[in-house]
Amino acid sequence: MSHSESAMPRLLAGVSGARPVDHAQHLRLHGALPESLPGLIDQLARAGLRGHGGGGFPFARKLEAVSGRRGRPIVVVNATEGEPLSAKDKLLLTHTPHLVIDGALAAAAVLGAREVVIAAESGAAVAAVDSALAQRPRGRRERVEVSVQMVSGGYLAGQETALIAALSGREALPMLTPPYPFERGLRGRPTLVSNAETYAQAALIARHGASWFRALGTAQSPGTRLITLSGAVSRPGVIEVAGGSSIAAALLAAGGASEPLQGILLGGYAGVWAGPEAQSWQLGESELRARGATLGPGIVHVLGSSGCPVDSTAHAVRWLHEESAGQCGPCVNGLDAIACSLEELRGDGDRSGAFAHLERWCSLITRRGACALPDGAARLVTSALRSHRAAFEQHARYGGCEACAGRSGVRAARQRAGVAA
Amino acid sequence: MSELRIDPISCVAHGMCAELLPERIWLDDWGYPVLDAEPLTPELEAHARRAAAACPVFALRLQRGSRPAGRDPRGSVGRERTDSGLTRA
């Protein structure tokens, strides 16, 4: 076993195209999860591990919130990944499931939970977890029951409260908070809901500690993170980078951009558009938030010269509108209005009218839904208008461009399923 | 001080609240209420109570307690927002 502090990759060690890392190989690569985990919450806090699902919430604080509640908690692994430009959680479950399972077991041990539920959205992921569970020795599983559950329900099924609803056999609809899942989650129990990658990182911290974790990455963004690269890159897919690496370095690791770069979408469909200057930006949630951007669940999408930011944004907002649970008026009406305006900008001739209300609608719908879906759509559009203003004005004056008709960009990346690792 | 909150899931845009409390509630382009960020004043409290009571689907609530508000400052006047929502955990 090699636990060299600066060795890369960490999470993706042993992961190759073909077979998943089985239990024997997992033990060779990472060693066994320690039987007792005293001070794990403290280690996680010192490691500075934050949620990798998009929220970026400190994992140790979430554990503390759950452990402070009455009643036996439940641990939920969120690997639903409804975001079209993300593939990392699927990759973790299908290629190195034992790391995710170990992390969930470590959390369960700390919380005194007897139940772990892994929520996946694909049959392949469910099968991979099932076969991984069958490979594991019985001892640990007698105390903690680990199960995997298929959750369908699209993008919103990954939203915490909607996920709880889906796992409870109800429709995957977001609920009004509070109560939050850490207060009243699955079957009314205090529930730890975290992203699959977060658990995988925790599994390594439980073994090697906080200083080992911090040996890679920056003070602000310690450790490593999985990034799903898509769009105009030579080798789209999932890579692992040290926190704080530049976007340019990540692109280089994927063979570089395949076209002259027009823009970068960070964080996914509910993310933030930036111009080519974003190549020098650092891949870390703190660093990106300071620039008004986000890494979301680790998404970098490259818009090449053949793409169109208006078309890509229109496509993303229409998709988000279709994924809306349809529960809240501002979201249902606002997203439709915004998507219609953007679609109009792709049409022929003078469309200056379509531009008129976009910014006002974006600010009007923000923070007015039960979940953050409208906020994400508004942020996407606002950032597109800011970083690709000229393209929007061009469309308003002269109508849709050639790229609009060609349907490249985000739409094509999704159709090609080029995000699959 | 009490604060108003709108449950956006229950609200179906009857719009009574905006008629009864125009000082703090206005309607968006689609008829759904928007709460002003300005806190309630003692003089408005009775009107706010009346507006909440008039909501046919109980989507407008006047809260006194110290619970941290959920999402949305315009859905919760007078209290800081705690972040949640579409965090995919």
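Chain naming here is simple, since letters A, B, ... match the order of the sequence lines and numbering starts at 1 in each.
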* Structure fact -> Sorted by chain and residue number, the side-chain contact (heavy atoms from CB on, under 4.5 Å) partners of A:A203 (sequence neighbours excluded) come out as A:L99, A:D102, A:R207
Quick check: closest heavy atoms across [X] and [Y], and the distance to 0.1 Å?
{"X": "A:T177", "Y": "B:R5", "result": "O-NH2, 3.7 Å"}
{"X": "A:L176", "Y": "B:I9", "result": "N-CD1, 3.8 Å"}
{"X": "B:P8", "Y": "A:A370", "result": "CG-N, 3.5 Å"}
{"X": "A:A337", "Y": "B:W30", "result": "CB-CZ2, 3.9 Å"}

* A:R184 atom CZ, over 12 foreign heavy atoms within 6.0 Å -> no
Please tabulate, for the side chains in residues 322-333 of chain A, all donor-acceptor contacts under 3.5 angstrom to protein atoms that are two or more places apart in sequence or on a different chain.
residue : atom : partner : partner atom : Å
A:E323  : OE1  : A:Y155  : N            : 2.7
A:S324  : OG   : A:G326  : N            : 3.0
A:Q327  : NE2  : A:P174  : O            : 2.8
A:N333  : ND2  : A:G329  : O            : 2.8

* To do: Could you walk me through whether A:R368 and B:D28 pass the side chain to side chain contact (heavy atoms under 4.5 Å, CB included) test, one step at a time?
  => CA-CA 11 Å; A:R368 285 184 59 226; B:D28 70 13; 3.0 Å; yes
